[in-house]
Amino acid sequence: GDDATFLPLLSVGAVGIVSVSSNVIPRAMMELYHTATSGSLSQSLAIHRRYYPLFRDLFIDSNPGPIKFAMEYAGWCSSRMRAPLAPLSSGNVGIVRTTLTRCGIKSSPYSDAGGTS
């Protein structure tokens, strides 16, 4: 589940990942896998570098708060959770929102994630 180690592990023979980031960037994670396993390491590294801030910041709070926020931001689902799970802390909302923007993930017009979750 540690997306930041996906490319390094692929380079030494790993064959897959239980990915958190793929919930919000599934195509990019598939492209990372395919470029790495086909030998296009420079392309894989470019994808990894683009999304590394997301890989890092999706673990800024306890799971699944950050990924649920990111998915709502992108218009995939609601970030609401039932106890005992906790939403992304209000102090980290701005950090994750900025990271999503920097990574090119656009806020959906149907999203509630513009406010605090």
Side-chain angles (χ1 to χ4, degrees):
D2 183 3
D3 296 292
T5 63
F6 187 35
L7 181 59
L9 290 171
L10 284 172
S11 72
V12 294
V15 295
I17 186 173
V18 176
S19 173
V20 173
S21 300
S22 65
N23 286 287
V24 74
I25 54 167
R27 288 184 182 113
M29 293 305 287
M30 287 297 298
E31 185 178 3
L32 176 59
Y33 173 80
H34 288 298
T35 56
T37 58
S38 69
S40 302
L41 294 179
S42 62
Q43 287 178 281
S44 300
L45 186 56
I47 297 164
H48 176 83
R49 284 182 175 154
R50 175 180 179 183
Y51 292 108
Y52 181 80
L54 181 66
F55 300 159
R56 179 194 62 224
D57 289 349
L58 287 179
F59 291 94
I60 199 167
D61 252 345
S62 64
N63 194 32
I67 189 60
K68 290 282 285 185
F69 175 86
M71 291 173 67
E72 182 174 291
Y73 179 89
W76 289 86
C77 69
S78 170
S79 64
R80 290 186 200 104
M81 290 182 278
R82 292 178 283 172
L85 300 175
L88 179 62
S89 66
S90 60
N92 287 326
V93 165
I95 294 168
V96 175
R97 187 183 305 120
T98 297
T99 298
L100 291 163
T101 301
R102 283 182 50 214
C103 289
I105 299 164
K106 301 205 185 317
S107 178
S108 167
Y110 306 105
S111 169
D112 266 345
T116 57
S117 293

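Any value given below was found using the heavy atoms of this structure, including those in side chains, with hydrogens, waters and symmetry copies removed.
Scanning both residues, Leu41 and Ala36, for their nearest heavy atoms gives CD2-O, 4.0 Å. Across all their heavy atoms, Met29 and Ser19 have their closest contact at CE-OG, 3.7 Å. The two residues Gly104 and Arg50 make their nearest non-hydrogen contact at CA-NH2, 3.8 Å.
Between the side chains of Ser44 and Thr35, a donor-acceptor pair is found at a separation under 3.5 Å.
Listed for the Lys68 side chain is a donor-acceptor partner under 3.5 Å among the backbone atoms of Ser78. A donor-acceptor contact shorter than 3.5 Å is absent between the side chain of Arg56 and the backbone of Ala4. Of the possible donor and acceptor atoms, one in the side chain of Asp3 sits under 3.5 Å from a partner among the backbone N and O of Val20.
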Next item on the list: Determine, step by step, whether Glu72 and Ser79 satisfy the side-chain hydrogen bond (donor to acceptor under 3.5 Å, both in side chains) criterion, reporting the C-alpha distance in whole Å, the side-chain angles of both residues, the deciding distance to 0.1 Å, and the verdict.
Entry: CA-CA 6 Å; Glu72 182 174 291; Ser79 64; 3.0 Å; yes

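Between the CG atom of Asp57 and the CG atom of Leu100 there is a distance of 8.5 Å, given to the nearest 0.5 Å. Distance check: Asp61 CG to Leu88 CG gives 5.0 Å after rounding to the nearest 0.5 Å. Distance OG1/Thr99 to CG/Leu54: 7.5 Å, rounded to 0.5 Å. Distance check: Phe55 CZ to Phe6 CZ gives 8.5 Å after rounding to the nearest 0.5 Å. A distance of 3.0 Å separates OH of Tyr73 from OG1 of Thr101, quoted to the nearest 0.5 Å. Note that CD of Gln43 and OG of Ser38 are 7.0 Å apart. Values are rounded to the nearest 0.5 Å.
Within the 4.5 Å cutoff, side-chain heavy atoms of Ile95 are placed close to those of Asn92. Asn23 places none of its side-chain heavy atoms less than 4.5 Å from the side chain of Trp76.
Heavy atoms of other residues, nucleotides or ligands lying less than 6.0 angstrom from CZ of Arg102 number 12 at most.
The ring pair (Phe, Tyr, Trp, His ring centres under 6.0 Å) test applied to Tyr52 returns His48, not counting sequence neighbours.
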